[in-house]
There are 2 protein chains.
Amino acid sequence: MVNSDNAKIRLLDAAGPEFAAKGFEGATVREICLRAEVNVAAVNYYFGDKERLYVAAVKRARALREEQVPMPLWAETLPAEDKLRQFITILLSRMMGVQAAPWQTRLMMREIQHPTAACRELVRDYMRPDFELLLGILDELVPAEIPRYRREQIGFSIVGQCFFYLAADSVVSLLIPAEELATHYQIDQLAEHIQQLSLAALGAVPPLDGMLLSPPTARPTNSWNPS
Amino acid sequence: MVNSDNAKIRLLDAAGPEFAAKGFEGATVREICLRAEVNVAAVNYYFGDKERLYVAAVKRARALREEQVPMPLWAETLPAEDKLRQFITILLSRMMGVQAAPWQTRLMMREIQHPTAACRELVRDYMRPDFELLLGILDELVPAEIPRYRREQIGFSIVGQCFFYLAADSVVSLLIPAEELATHYQIDQLAEHIQQLSLAALGAVPPLDGMLLSPPTARPTNSWNPS
DNA sequence: AATTGTTTTAAACACGCGTTTAACTGTCGT
DNA sequence: ACGACAGTTAAACGCGTGTTTAAAACAATT
């Protein structure tokens, strides 16, 4: 091959944001090829058809996002509370990115809401491992007698709180004034809030009555280096 | 007008489920009119174009869902804990319906994820009042000194937990075996779990350590009559 | 019964879509 | 030098889309 996968990769990089922004139906092959500076026929040449390009774009989005914000390997001795805090921060970071949610996340989001063939392996390769990781952390935080299904529900409660800011950010933006968003809705602050609320529910820290004395911003997230 | 809004209403009733299932781009005017047993030109005759039909369908979905599962008027004396439980149950009921999420909810869901003109008033007329209601309940549960933005974050945490099962049900279905879903993920059980976890976080009930003694199914939701 | 205005109809329109074709370009092995 | 082949190109194809049209059907009023 001469230039073989050069065009293929440019196509993928152009398809990702386009599908993320407009969905499978809304995005057009022509626009994607225009962005990629590639002939329209390239999509059929390299991927067969639009749908297989879409599936490839979803896979690539997952891989990219995972290496952008990987889950750290924790030391055995690290307290479960700290692991949970970092887990939540990473979850929020993946979902919200630095400013707005990156196209990789938005694309996976669409896949979650309107599952196609790509969804099954998305869950298997991407979400399942993270969820098991979370369950492992919870194992250290809740009494051993609590059944697995309860831990899973607790896990969903934690994930759900993070997920909300991704999935319903349009609602949050309309409910909360812009200046309050800027002041109190940064990733670290939300992570601290969710972590504190969750730990309080599990009895690992005092309930909210005491939170006044240590508001979320007072205790910054343990620093870790995602790069 | 003779038969005027008969066709108009049939059109709306057909458009709702269609838009909910396939989205604005995916749904076709022809298919909608076929369902409604109406000529294709009716859409332009009554609504002008496809987009205004969509907006009308969203508005109608909101109105329908609100009267299907209304928020009750609570007695002044009702403990805040009970109000919260009922609020959560209603939220979950609206989102999950009896079996799967009804088309009204799915349609509003699409609007939340990919906001169009209809989103702004959807928040203003539908979500804002409910959120204020929730904040009112939280006022009775948290110390007076806790600032408003903290209560809002707590509100989002509660809403987020419910919202997750609507927005990510494809993921939940893939993560949790079918039989466990049937056994432990009924509306009342989830409502009990979310309510208990939230109250524990606020210090209104003992933390999860004590939950073993009173698992979510043990204390059924107070009955109320939505009809 | 004739007239007016509203609603419904079948057919067509213009356009954009995903996909295909067939010719062309460049690169390599022989 | 030349044939074989991967890569690229412009143009076209067939189809489905939202929308429009002009006539027919209908109901109400005069």
Sugar-phosphate, base or nothing in reach of A42(B), heavy atoms under 4.0 Å: nothing
dT8(D) phosphate, OP1 or OP2, under 4.0 Å from Y46(A) side-chain N/O: yes
Length of the line joining L11(A):CG and dG18(C):C1', which is rounded to integer Å: 14 Å
OP1 or OP2 of dA10(D) under 4.0 Å from side-chain N/O of N39(A): yes
Steps toward side chain to side chain contact (heavy atoms under 4.5 Å, CB included) verdict (F163(B), M109(B)): CA-CA 10 Å; F163(B) 183 79; M109(B) 190 65 187; 3.5 Å; yes
Whether F24(A) and F19(A) hold their rings parallel, tilted or perpendicular, with breakpoints at 30° and 60°: parallel
Ring centre gap for F131(B) and F156(B) strictly below 6.0 Å: yes
Position toward the 5' end of DNA chain C (nearest nucleotide), V40(B) or E51(A): V40(B)
Nucleotide nearest A41(A) (side chain, heavy atoms from C-beta), chosen from dT20(C), dA10(C), dT19(D): dT20(C)
Between P of dT17(D) and NZ of K50(B), the distance in whole Å: 9 Å
R85(A) bridged to E192(A) by N-O distance under 4.0 Å: yes
Atom pair distance, as rounded to whole Å: CG in L34(B) and P in dG18(D): 13 Å
Integer-rounded Å distance: dT17(D) C1' and D49(B) CG: 14 Å
R52(B) CZ to dT19(D) P, straight-line distance once rounded to whole Å: 9 Å
Nucleotide dT9(D), atom P - distance to CG of N44(A) in whole Å: 15 Å
Parallel, tilted or perpendicular, as decided by the 30° and 60° cut-offs, for the rings of Y149(A) and H184(B): parallel
Nearest-Å distance for atom pair CD/P, residues E25(A) and dC17(C): 13 Å
Integer-rounded Å distance: dG18(C) P and E31(A) CD: 11 Å
OP1 or OP2 of dG7(D) under 4.0 Å from side-chain N/O of Y45(A): yes
Out of dT19(D), dA12(D), dT8(D), whichever nucleotide has its closest atom nearest the side chain of R30(A): dA12(D)
